[in-house]
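What's counted below: heavy atoms across the whole structure, side chains too, no hydrogens, waters or symmetry copies.
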Amino acid sequence: MESPVSLASPHLGSPSVWTDARLLYALEEVVEKELNRHLKVTKDWMPHEYVPWSDGRNFPGFFEDGEAWDKEQSKVTEVGRIALVVNLLTEDNLPSYHHEIATLFGREGAWGTWVHRWTAEEGRHGIVMRDYLLASRAVDPDKLEQFRMSHMSEGFESDNRHSMLHSIAYVAFQELATRISHRNTGHQSGDPVCDRMLARIATDENLHMVFYRNLLKSAFELAPDLTMQAVRDVVVNFRMPGHGIPGFERAAAQMAIGEVYNLRIHHDDVLQPVLRFLKVMEIDGLGPEGLKAQEELGLFMGGLDAEAAKFDEKLATRKARMAARAGH
């Protein structure tokens, strides 16, 4: 097999040469370097230390002293409750995500080590969130379990499973989107204990984003045209992995109004930082397909910014209306 150096020659940028297998091989050294960096900067933490266990008590069922759930039992806000359920159900689908990336990246070498390490770190997020929600009685436990069964029974199929480059591009944005969603949920939750827990999760998600973003940077150096097309496709068609959750559209709308995650946040805090870091709009020397993808990406970002501005106006009008109503 060719060395990564010879693979990087300009005339090898055509799709017929750049197979997924060759890209996996060419990026292996980068994965190893990024994995070592990740393991140096990441900190182990204990999920049980973030849970208010003393708030917990029995639920009805087998226990005679079981107390039925009531939303008044928790200080978490309504938008916090909705976002926590969406965020946890997204984390719950980890077995499906593991299957997707293990199938795509393999289980050998640096790629395999990363796949397993990432899965182990993500597992903590689901553990700590569920323990917090049940101990603090922030959400209806019966509904949460029914939603989990329904969502996981559907499984998950990535929109980008057809291509390794598309998958790397997607997770670079998606890990940041998840970090922002957790962080903002914490801010809007009304509970400092919840905020602290989600800040800890967000720190992990940020490190995961950095891993994939740096990998994407190397992919741009190796195969700029193909990587540009992958980034364009992913940005234009982006949707969160939790889109299959029961009632997702309604929950997403409430999270948008509650400023947990909306068009403005997606444009300013997720897409722009990654695109700016990679200097995607400044990359030159592209072939016709790469240039076309770069132009389309620029046009799409401009359109998204305009849509976000319309959303901002609607949100400001709504806030003013609610403030006026509260003043009466």
Enquirer: For Pro273 and Asp268, work out which heavy atoms get closest and say how close.
Expert: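 In this case the closest contact between Pro273 and Asp268 is CD-O, 3.3 Å.
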Enquirer: Going by atom types alone, do Glu313 and Thr317 pair a side-chain donor with an acceptor below 3.5 Å?
Expert: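 Side chains of Glu313 and Thr317: no pair found under 3.5 Å.
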Enquirer: Checking His151 now: which residues fulfil ring pair (Phe, Tyr, Trp, His ring centres under 6.0 Å) with it, not counting sequence neighbours?
Expert: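 Counting only residues at least two positions away or on another chain, His151 forms no ring pair (Phe, Tyr, Trp, His ring centres under 6.0 Å).
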Enquirer: Please round to the nearest 0.5 Å and tell me the distance separating atom NE2 of His267 and atom CD of Gln272.
Expert: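 One gets 4.5 Å once the value is rounded to the nearest 0.5 Å.
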Enquirer: Within a 6.0 Å radius of atom CG on Asp65, are there more than 12 heavy atoms belonging to other residues, nucleotides or ligands?
Expert: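 Count over threshold, so yes.
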Enquirer: When rounded to the nearest 0.5 angstrom, what is the spacing between CG in Leu88 and CG in Asn93?
Expert: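 One gets 11.0 Å once the value is rounded to the nearest 0.5 Å.
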Enquirer: Where do Ala83 and Val260 come nearest, in terms of heavy atoms and distance?
Expert: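 Looking at all heavy atoms of both residues, the closest pair is CB-CG1, 4.2 Å.
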Enquirer: Using 4.0 Å as the upper bound for N to carboxylate O, is an ion pair formed by Glu221 and Lys217?
Expert: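 Result for this pair is yes, salt bridge flagged.
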Enquirer: Residues two or more places apart in sequence or in another chain: which of them pass side chain to side chain donor-acceptor pair (under 3.5 Å) with Asp305?
Expert: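 Here the qualifying residues are Arg264.
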Enquirer: Taking only residues at least two apart or on different chains, which pairs with a member in residues 59-103 satisfy ring-ring contact (aromatic ring centres under 6.0 Å, His included)?
Expert: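 Checked against ring-ring contact (aromatic ring centres under 6.0 Å, His included) - neighbours excluded - the pairs reaching residues 59-103 are Tyr97-Phe156, His98-His116.
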Enquirer: Do we see a donor-acceptor contact under 3.5 Å between the side chains of Thr185 and Asn87?
Expert: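 Note: Thr185 and Asn87 side chains meet the donor-acceptor criterion.
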Enquirer: Minimum heavy-atom separation for Leu27 and Ser218, please, with both atom names.
Expert: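 Here Leu27 and Ser218 meet closest at CD2-CB, 3.8 Å.
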Enquirer: Hey, could you give me each pair passing salt bridge (Lys or Arg N to Asp or Glu O under 4.0 Å) that has a residue in residues 236-248? Not counting sequence neighbours.
Expert: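 For residues 236-248, and leaving out neighbouring residues, the salt bridge (Lys or Arg N to Asp or Glu O under 4.0 Å) pairs sorted by first residue read Asp159-Arg239.
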Enquirer: Let's go through Tyr170 and Tyr212 carefully: what are the C-alpha distance in whole Å and the side-chain angles of both, what is the deciding distance for ring-ring contact (aromatic ring centres under 6.0 Å, His included) to 0.1 Å, and is it a yes or a no?
Expert: CA-CA 9 Å; Tyr170 175 74; Tyr212 287 120; 10.0 Å; no
Enquirer: Partners of His162 by ring pair (Phe, Tyr, Trp, His ring centres under 6.0 Å), sequence neighbours excluded?
Expert: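 By the ring pair (Phe, Tyr, Trp, His ring centres under 6.0 Å) rule, His162 matches His166.
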Enquirer: I need the Leu23 CG to Thr227 OG1 distance, nearest 0.5 Å.
Expert: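 That separation rounds to 7.0 Å.
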Enquirer: Under the criterion side chain to side chain contact (heavy atoms under 4.5 Å, CB included), which of Val210, Val171, Val274, Leu271 is the partner of Leu176?
Expert: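 Going through the options one by one, the only one that passes is Val274.
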Enquirer: Can you see which heavy atom on Leu104 is nearest to which on Ser163, and at what distance?
Expert: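 Shortest heavy-atom separation between Leu104 and Ser163 comes out as CD2-O, 4.3 Å.
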Enquirer: Stepwise, does the side-chain contact (heavy atoms from CB on, under 4.5 Å) test hold for Leu286 with Ile283?
Expert: CA-CA 7 Å; Leu286 294 163; Ile283 292 170; 4.0 Å; yes
Enquirer: Determine whether Lys33 and Glu29 satisfy the following criterion, salt bridge (charged side-chain N to carboxylate O under 4.0 Å, His left out), listing intermediate values before the conclusion.
Expert: CA-CA 6 Å; Lys33 188 180 107 207; Glu29 273 181 43; over 6 Å; no
Enquirer: Tell me every residue that passes side chain to side chain donor-acceptor pair (under 3.5 Å) with Thr90, counting only those two or more places apart in sequence or in another chain.
Expert: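 Thr90: no side chain to side chain donor-acceptor pair (under 3.5 Å) contacts found.
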Enquirer: Return the CG to CG distance between Leu275 and Leu297, rounded to the nearest 0.5 Å.
Expert: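 CG of Leu297 is found 5.5 Å from CG of Leu275.
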Enquirer: For residues Gly290 and Met228, report the shortest heavy-atom separation together with the two atoms involved.
Expert: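 In this case the closest contact between Gly290 and Met228 is O-CG, 3.4 Å.
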Enquirer: Report the residues that fulfil side chain to side chain contact (heavy atoms under 4.5 Å, CB included) with Ala256, sequence neighbours left out, ordered by chain and then residue number.
Expert: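 Listed in chain order: Asn262, Phe311.
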Enquirer: side-chain contact (heavy atoms from CB on, under 4.5 Å), that's the test. Do Glu259 and Asn184 meet it? Break it down for me.
Expert: CA-CA 7 Å; Glu259 297 181 80; Asn184 289 344; over 6 Å; no
Enquirer: Among side-chain atoms of Glu307 and His266, is any donor-acceptor pair under 3.5 angstrom?
Expert: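 No pair is found: no donor N or O on one side chain lies under 3.5 Å from an acceptor on the other.
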Enquirer: Just to verify, what does Gln294 make a side chain to side chain donor-acceptor pair (under 3.5 Å) with, not counting sequence neighbours?
Expert: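 Gln294 satisfies side chain to side chain donor-acceptor pair (under 3.5 Å) with no other residue.
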Enquirer: Tell me whether Leu226 shares a hydrophobic cluster with Met281, the cluster being built from Ile, Leu, Val, Met, Phe, Trp, Tyr side chains joined at under 4.5 Å.
Expert: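 In one cluster: yes.
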Enquirer: Assess the residue pair Arg321 and Arg325 against the criterion (side-chain contact (heavy atoms from CB on, under 4.5 Å)); give the C-alpha distance rounded to whole Å, side-chain angles, the decisive distance to 0.1 Å, and a yes or no.
Expert: CA-CA 6 Å; Arg321 202 168 55 235; Arg325 215 177 283 160; 3.8 Å; yes
Enquirer: Look at the side chain of Ser189 and the backbone N and O of Val76, then say whether any donor-acceptor pair between them is shorter than 3.5 Å.
Expert: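 It does not hold such a pair.
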Enquirer: With a 4.0 Å cut-off, would you call Lys71 and Glu78 a salt bridge?
Expert: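 A salt bridge is present here (some side-chain N lies under 4.0 Å from a carboxylate O).
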Enquirer: Tell me, please, which residues at least two apart from Phe105 pass ring pair (Phe, Tyr, Trp, His ring centres under 6.0 Å).
Expert: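 Testing Phe105 for ring pair (Phe, Tyr, Trp, His ring centres under 6.0 Å), a comparison that skips the adjacent residues, returns Trp111.
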Enquirer: For Phe173, give me all partners under ring pair (Phe, Tyr, Trp, His ring centres under 6.0 Å), at least two apart in sequence or on another chain.
Expert: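 By the ring pair (Phe, Tyr, Trp, His ring centres under 6.0 Å) rule, Phe173 matches no residue at all.
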Enquirer: Take Trp114 and His38 through the ring-ring contact (aromatic ring centres under 6.0 Å, His included) test and state the conclusion after the steps.
Expert: CA-CA 10 Å; Trp114 167 254; His38 177 82; 5.2 Å; yes
Enquirer: Working to the nearest 0.5 angstrom, can you tell me the gap between Ile180 CD1 and His187 NE2?
Expert: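 Those atoms lie 8.5 Å apart.
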Enquirer: Keeping the roles fixed (side chain from Glu28, backbone from Ala110), state whether a donor-acceptor pair exists under 3.5 Å.
Expert: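 Present.
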Enquirer: Report, one line per pair, each donor and acceptor closer than 3.5 Å where one atom sits in a side chain of residues 196-207; sequence neighbours left out.
Expert:
{"from": "Arg200", "atom 1": "NH2", "to": "Asp204", "atom 2": "OD1", "distance (Å)": "2.7"}
{"from": "Thr203", "atom 1": "OG1", "to": "Ala199", "atom 2": "O", "distance (Å)": "3.0"}
{"from": "Asp204", "atom 1": "OD2", "to": "Trp45", "atom 2": "NE1", "distance (Å)": "3.1"}
{"from": "Asp204", "atom 1": "OD2", "to": "His125", "atom 2": "NE2", "distance (Å)": "2.9"}
{"from": "Glu205", "atom 1": "OE2", "to": "His125", "atom 2": "ND1", "distance (Å)": "3.3"}
{"from": "Asn206", "atom 1": "OD1", "to": "Arg179", "atom 2": "NH1", "distance (Å)": "3.1"}

Enquirer: For the pair Gln174 and Thr178, evaluate side-chain hydrogen bond (donor to acceptor under 3.5 Å, both in side chains) and give the outcome as yes or no after the intermediate values.
Expert: CA-CA 6 Å; Gln174 182 263 319; Thr178 307; 2.8 Å; yes
Enquirer: Looking at CD of Glu34 and CG of Asn36, how far apart are the two atoms once the value is rounded to the nearest 0.5 Å?
Expert: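 Spacing of CD (Glu34) from CG (Asn36) equals 9.5 Å.
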Enquirer: Which atoms form the tightest heavy-atom contact between Val128 and Pro47, and what is the distance?
Expert: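 That would be CG2-O, 3.3 Å.
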Enquirer: Taking distance alone, no hydrogens or angles, what donor-acceptor pairs closer than 3.5 Å link side-chain atoms of residues 129-147 to residues at least two apart or in another chain?
Expert:
{"from": "Arg130", "atom 1": "NH1", "to": "Asp92", "atom 2": "OD1", "distance (Å)": "3.2"}
{"from": "Arg130", "atom 1": "NH2", "to": "Asp92", "atom 2": "OD1", "distance (Å)": "3.3"}
{"from": "Arg130", "atom 1": "NH2", "to": "Asp92", "atom 2": "OD2", "distance (Å)": "2.7"}
{"from": "Tyr132", "atom 1": "OH", "to": "Asp191", "atom 2": "OD2", "distance (Å)": "2.5"}
{"from": "Ser136", "atom 1": "OG", "to": "Tyr132", "atom 2": "O", "distance (Å)": "2.7"}
{"from": "Arg137", "atom 1": "NH1", "to": "Glu67", "atom 2": "O", "distance (Å)": "2.9"}
{"from": "Arg137", "atom 1": "NH1", "to": "Ala68", "atom 2": "O", "distance (Å)": "3.4"}
{"from": "Arg137", "atom 1": "NH1", "to": "Gln73", "atom 2": "OE1", "distance (Å)": "3.2"}
{"from": "Arg137", "atom 1": "NH2", "to": "Arg57", "atom 2": "O", "distance (Å)": "3.4"}
{"from": "Arg137", "atom 1": "NH2", "to": "Asn58", "atom 2": "O", "distance (Å)": "2.8"}
{"from": "Arg137", "atom 1": "NH2", "to": "Glu67", "atom 2": "O", "distance (Å)": "3.1"}
{"from": "Asp140", "atom 1": "OD1", "to": "Asp142", "atom 2": "N", "distance (Å)": "3.0"}
{"from": "Asp140", "atom 1": "OD1", "to": "Lys143", "atom 2": "N", "distance (Å)": "3.4"}
{"from": "Glu145", "atom 1": "OE1", "to": "Arg148", "atom 2": "NE", "distance (Å)": "2.9"}
{"from": "Glu145", "atom 1": "OE2", "to": "Arg148", "atom 2": "NH2", "distance (Å)": "2.9"}

